[in-house]
Amino acid sequence: MIKGIKGVKDLLPEESPRWRLIEEAARRWAGRYGFHEIRIPIFEVTTLFARSIGASTDIVEKEMYTFQDRDGTSLTLRPEGTAGTVRAYIEHNRAAIPVPQKYFYFGPMFRHERPQAGRLRQFHQFGVESLGMADPQADIEVIALLWRILSDLDLPGLTLEINNLGYTADRDIYRPHLVSYLKQHESGLCANCRHRVDANPLRVLDCKVPDCRAITETAPRLSDSLSETARSYFTRVLSGLDVVKIPYSLNHRLVRGLDYYNLTTFEVTAANLGAQNAVGAGGRYDGLVETLGGPSTPAVGFAIGLERMSMLLPESAIINAQKDMPLYVAGFGDHGTVAGLMALEELRLAGFHAVADFRSLTLKAHLRQADRLKCRFTLIIGDDEVVKGSAILRDMETKVQHDVGLSSITLRILSLLAGS
RNA sequence: GUGGGUGUAGCUCAGCUGGUUAGAGCGCCGGAUUGUGGAUCCGGAGGUCGCGGGUUCGAAACCCGUCAUCCACCCCA
């Protein structure tokens, strides 16, 4: 048997209603906040991701699905959505448009990781990018949108954490302080962090090992090295969140894994989601557009993991969103089958949700299928009904049956249904 | 990439320190009801015990390998 690829999942019809619910909520809120959908390719030239995400990040170092095109150019399946969105923004000269460019997107992302609860090789994100505005209100707007979508879906146990990464220059000033502190306590750090001290010291702050946490608890804080402008920017973001009543908690350890972030970074985590507890995350990335060859353009954005949202979505939310019950057409016998086919098509053309199981040859079998398909009404057409020129409409709950003339099926059914 | 758990019927699982024909519940099909579903009763179908080696008189069980899957590390959405 040919099986699906490791870490890549099929979404079966039973599950798609919950996904649609999530997607509809995201779309609805994004629209209200003035974001427009952008659809970009799922693969790009490899250097786009290497340059934007950061060459020494785990994503680029070991998680990308990279392959050669026929002419030898290196392509990769997108591991996230920001890089491609920014590439499109630059390529189509969207900076020249005199209104802010605010995009949202849906789609699959690819990362070659070991699958785990809440982590797949092909997973799906909804993301937004707000390009062109260097105002704290843009950060607030994006964070508010994120929070609104999640709240709308009633996802339980969420917390929004936020931090200020400052400008690149701020981190350049801070990094030596942190490194020299960490070097003093190097023996107490985990093996991973000892490596990180040289490679990416800020990530040590993020380590979950208790000993490392104890050490970093008393480490110099990035917030003490921040410039005045970075501080006041962040203060305005926080007070704006208060104004629009978005609850948050400060987390000075929050260091995002992608290199392009600066100033505001945030993350929404969920209890009861296993080890992979980040539902959504984002931040400001003022330097990225320029890094990729575009005009200097401030930007903020976030992405949320649809699988993780789906895991959190309560079952009751889906039940409430169930569609109306279909109508079953039971045509059997030589002539009844033909008349049933006609009726089925007629009902569908009239706008009914009408179904039938063509394997069923007896009335008993048809009714059983009608029951399984959760049909409220069954239209019974056997050879006898064809002779009489009228079918039987059976209410599956009350068992009440009505004769309906074959020549005026849809009108009769409409009026019967209106009365029930 | 590194650990650990689990692979037995369509699904969820039982199967003792190795013992002869591998079980249950649910589901499925049929009948009781020759044209009336769900409930009940009766009957039936369905299994390379993940795969490949090995140990043994004998392996679903023990050993080795392998694959798949889940969880965790790591990392992140």
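Remember, it's a predicted structure, so these values are computed and weren't measured experimentally.
Both A:Gly4 and A:Leu306 lie close to RNA chain B; mapped to their nearest nucleotides by heavy-atom distance, the more 5′-ward contact belongs to A:Gly4. Residue A:Ile5 is the one, among A:Gly118 and A:Ile5, whose nearest nucleotide of RNA chain B lies closer to the 5' end (criterion: closest heavy atom).
Atom-to-atom distance recorded for A:Tyr174:OH and A:Leu226:CG is 9.5 Å, nearest 0.5 angstrom. Atom CG of A:Leu48 sits about 11.5 Å away from atom OG of A:Ser74, to the nearest 0.5 Å.
Using a cutoff of 4.0 Å between basic side-chain nitrogens and carboxylate oxygens, A:Glu14 and A:Arg18 are not scored as salt-bridged. Using a 4.0 Å cut-off between a side-chain N of Lys or Arg and a carboxylate O of Asp or Glu, A:Asp242 and A:Lys245 do not qualify as a salt bridge.
No option in A:Glu129, A:Glu141, A:Glu37 other than A:Glu141 meets the salt bridge (Lys or Arg N to Asp or Glu O under 4.0 Å) test with A:Lys102. The side-chain contact (heavy atoms from CB on, under 4.5 Å) test with A:Thr216 singles out one residue from A:Asp211, A:Val204, A:Leu178, and that residue is A:Val204.
Using the Watson-Crick or G-U wobble rule with both distances under 3.5 Å, B:G46 pairs with nothing in any strand shown. The partner of B:G37, taking Watson-Crick or G-U wobble pairs whose two distances both stay under 3.5 Å, does not exist in any strand shown. In this structure, B:G23 and B:C13 make a Watson-Crick or G-U wobble pair, each of the two defining distances being under 3.5 angstrom. Using N1 to N3 plus N6-O4 or O6-N4 for Watson-Crick, or N1-O2 and O6-N3 for G-U wobble, each under 3.5 Å, B:G58 pairs with nothing. Applying the Watson-Crick and G-U wobble criteria (two distances, each under 3.5 Å), B:A72 pairs with B:U2. Pair check for B:G65 finds B:C51; Watson-Crick or G-U wobble, both atom distances under 3.5 Å.
With rounding to whole Å, A:Phe110 atom CZ is found 14 Å from B:A77 atom C1'. Protein atom CZ of A:Arg203 is 10 Å distant from nucleotide atom C1' of B:C74, rounded to whole Å. For A:Glu267 and B:C76, the CD to P distance is 9 Å, given to the nearest whole Å. With rounding to whole Å, A:Arg111 atom CZ is found 13 Å from B:C74 atom C1'. At whole-Å resolution of the value, CG in A:Leu120 and P in B:U69 are 11 Å apart. In this structure, the CG atom of A:Leu153 is 20 Å from the P atom of B:A77, given to the nearest Å. When rounded to the nearest whole Å, the span between NZ of A:Lys3 and P of B:C67 equals 14 Å. A:Arg121 places its CZ atom 8 Å from the P atom of B:G1, with the value rounded to the nearest Å.
Ring centroid separation for the pair A:Tyr105 and A:Phe126 does not come in under the 6.0 Å cut-off. If you look at A:Phe104 and A:Phe35, their ring centroids are not closer than 6.0 Å. Two rings, from A:His366 and A:Tyr328, have their centers less than 6.0 Å apart. Ring to ring, A:Tyr181 and A:His177 are not that close: their centroids are 6.0 angstrom or more apart.
Using atom C1' as the reference point in both B:A59 and B:G54, the two lie 11 Å apart (nearest Å). Rounded to the nearest Å, the gap between the P atom of B:C57 and that of B:G52 is 23 Å. Separation of the P atoms belonging to B:C74 and B:G53 is 40 Å when rounded to the nearest angstrom. When the C1' atom is used for both B:G27 and B:C64, the distance is 38 Å, rounded to whole Å. Across the P atoms, B:A60 and B:U48 are found 14 Å apart, a figure rounded to whole Å. Nucleotides B:G58 and B:G65 are separated by 23 Å at their P atoms, to the nearest Å. Comparing the C1' positions of B:U21 and B:U12 gives an interatomic distance of 25 Å, to the nearest angstrom. One P atom belongs to B:C76, the other to B:U8, and the distance between them is 35 Å to the nearest Å.
The phosphate of B:C71 (OP1 or OP2) has no side-chain N or O of A:Gln116 nearer than 4.0 angstrom. Of the side-chain N and O atoms in A:Arg114, none sit less than 4.0 angstrom from OP1 or OP2 of B:C71.
Among the atoms of the strands shown, none is found under 4.0 Å from any heavy atom of A:Leu273. A:Gly127 comes within 4.0 angstrom of nothing in the nucleic acid, heavy atoms only.
Between A:Arg111 and A:Tyr65, the side chains place no donor N or O within less than 3.5 Å of an acceptor N or O (distance only, hydrogens not considered). Side chains of A:Thr46 and A:Thr76: no donor on one and acceptor on the other come within 3.5 Å.
Within residues 28-39 of chain A, no residue is approached by RNA chain B to less than 4.0 Å at the level of any non-hydrogen atom.
The two residues A:Lys9 and A:Leu120 come nearest to each other via the heavy atoms CG-CD2, 4.1 Å. Of all heavy-atom pairs spanning A:Phe110 and A:Phe123, the tightest one is N-CE2, 4.2 Å.
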List the protein contact pattern of nucleotides 34-49 of chain B with one symbol per nucleotide (5' to 3'): B for base contact, S for sugar-phosphate-only contact, - for none; contact means a heavy-atom distance under 4.0 Å.
-BBBB-----------
Just the atom pairs and distances: protein N or O near nucleotides 7-9 of chain B's N or O, under 3.5 Å.
none

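Residue A:Gln276 has its side chain nearest to B:C74 when only B:A77, B:C70, B:C74 are considered.
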